[in-house]
2 protein chains.
Amino acid sequence: MSLSHALLGLLAVAPASGYELTKEFEQEIGRYAWQAGHTSIYPELGKLAARGLVHVTHEGARGAKTYDVTDEGREELRSWLLQPPNPTATVRNEQVLRMFLLSALEPADQRLMLTRIAEHTGRAATELRAVVATETPGGGPRAGFGRLAGEFGIRQYEAVHEWALWALDHIAEDGQA
Amino acid sequence: MSLSHALLGLLAVAPASGYELTKEFEQEIGRYAWQAGHTSIYPELGKLAARGLVHVTHEGARGAKTYDVTDEGREELRSWLLQPPNPTATVRNEQVLRMFLLSALEPADQRLMLTRIAEHTGRAATELRAVVATETPGGGPRAGFGRLAGEFGIRQYEAVHEWALWALDHIAEDGQA
DNA sequence: ATTTAACATGTCAAGAATGACATGTTGTCA
DNA sequence: TGACAACATGTCATTCTTGACATGTTAAAT
């Protein structure tokens, strides 16, 4: 399961509580890579602890439990990460699905959708570029993490932006996608 | 649910059997947008038929059932597609997750992974470019569909390729992601 | 004639994810 | 002092997805 590896990976960069991990999943990792809410994170942390891949290093205020990866967990994470690309890897993206189904719409609706997509991704790329530019080099424990993710996101938005512009051009030509 | 809309969308472009839809999901749509196997497709077609969004237009050899979208189904599809971007849209991508967890590895392993990613995406982009270039304009019923998806895929691979090269550069600098 | 591959559909148990519900704490502002 | 927002964890029923199993047909090659 990928969620377990996502948690292992985040904890390997820096120990954290379930609550902090939940917030992490609201950032880039959840937007581009893997979504998860606290209702799946908490039970999964429990299972990882039961398997000896993570452990609670200390309990803080409000019942907060800080988890850290064990050596065994780090081993498991490394072997998963270094595996060759899995051809049956999970892929699920509702937004991209919408784009792929464009051809099912009338040309006028297609243009409407593509224009929206182009605008949205253009804006998103610009905003993200600004955020990444202002990030202090060597900030928090996940600074490198955020930088990599940010650069990934920028390129992602730009790619979709370029695609939407290209598609608009080609639909305009003959009224067909 | 997105699977129902994916099926509705594919059928809206051209009527098809469950078997044909299953093969469709092994192509670009399954690789970039939404995965599904026949074990989820067949029951879902049944549910869509029960809701009156699709119907069987005729039964062919080997028990094959050809489905088509009803007016109601087309309506439902259109309203789903034209919805504003959903901030809680499902996102799940195992490959991208691996990239995001790079920081959890030692610099040497990071470089290994990034080099692999760069090579793989570079090759994939080139191959896909060749496939798209040789596609006959105005081929089958889903020709436009394949073209859009192909162009999307090319840009996707290129974006990840560029990102991996950028990341390799930055890790090389100071041994940190 | 037989075998094999591709065609074609289906069920069902097990596992994963979501959304609704539930509970209690700590710090801050009025 | 009281209210509120943010902190922090959890359960559970429902829904969705996967993988194993099951069944039968048609066309082509041997």
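Below, chain A is the first sequence line, B the second, and so on; all start at residue 1. All values derive from a computational prediction rather than experimental measurement.
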NZ of B/Lys65 versus C1' of D/dT25: gap in Å, rounded? 15 Å
For a quick check of understanding: with a heavy-atom distance under 4.0 Å over all strands, which category does A/Thr22 fall into, base, sugar-phosphate or nothing? nothing
For B/Leu148 and A/Ser103, work out which heavy atoms get closest and say how close. CD1-OG, 3.7 Å
Would you name the heavy atoms of B/Leu10 and A/Leu101 that are closest together and state the gap between them? N-CD2, 4.1 Å
For DNA chain D, what residues of residues 38-52 of chain B have any heavy atom nearer than 4.0 Å? B/Thr39, B/Ser40
Bounds of contact between DNA chain C and chain B, in 5' to 3' order, using a heavy-atom cut-off under 4.0 Å: C/dC7 to C/dT18
Note: for B/Lys23 and A/Trp34 on DNA chain C, the residue whose nearest nucleotide lies more 5' is B/Lys23
Polar side-chain atom of A/Glu20 near backbone of A/Ser17 as donor-acceptor pair, under 3.5 Å: yes
Polar side-chain atom of A/Gln35 near backbone of B/Ala89 as donor-acceptor pair, under 3.5 Å: yes
Return the value, rounded to whole Å, for the distance between atom CG of A/Leu3 and atom C1' of D/dT18. 17 Å
Among Ile, Leu, Val, Met, Phe, Trp and Tyr joined by side-chain contacts under 4.5 Å, find the other residues sharing a cluster with A/Val131 and list them by chain and number. none
For B/Phe25, check ring-ring contact (aromatic ring centres under 6.0 Å, His included) against everything at least two apart and list the hits. none
Tell me if the CZ atom of B/Arg129 is crowded by more than 12 foreign heavy atoms within 6.0 Å. yes
Note: for B/Gly63 and A/Arg62 on DNA chain D, the residue whose nearest nucleotide lies more 5' is A/Arg62
What is the minimum heavy-atom distance between A/Ala125 and A/Tyr157, and which atoms define it? CB-CB, 3.8 Å
Partners of B/Phe152 by ring-ring contact (aromatic ring centres under 6.0 Å, His included), sequence neighbours excluded? A/Phe100, A/Trp163
Examine the side chains of B/His5 and B/Glu76 and answer whether a donor and an acceptor come within less than 3.5 Å of each other. yes
Do you see a donor-acceptor pair shorter than 3.5 Å between the side chains of B/Glu119 and B/His161? no
Starting at CD of A/Gln35 and ending at P of D/dT17, how long is that distance when rounded to a whole Å? 13 Å
Near DNA chain D, under 4.0 Å by heavy atom, which residues of residues 72-94 of chain A? A/Arg92
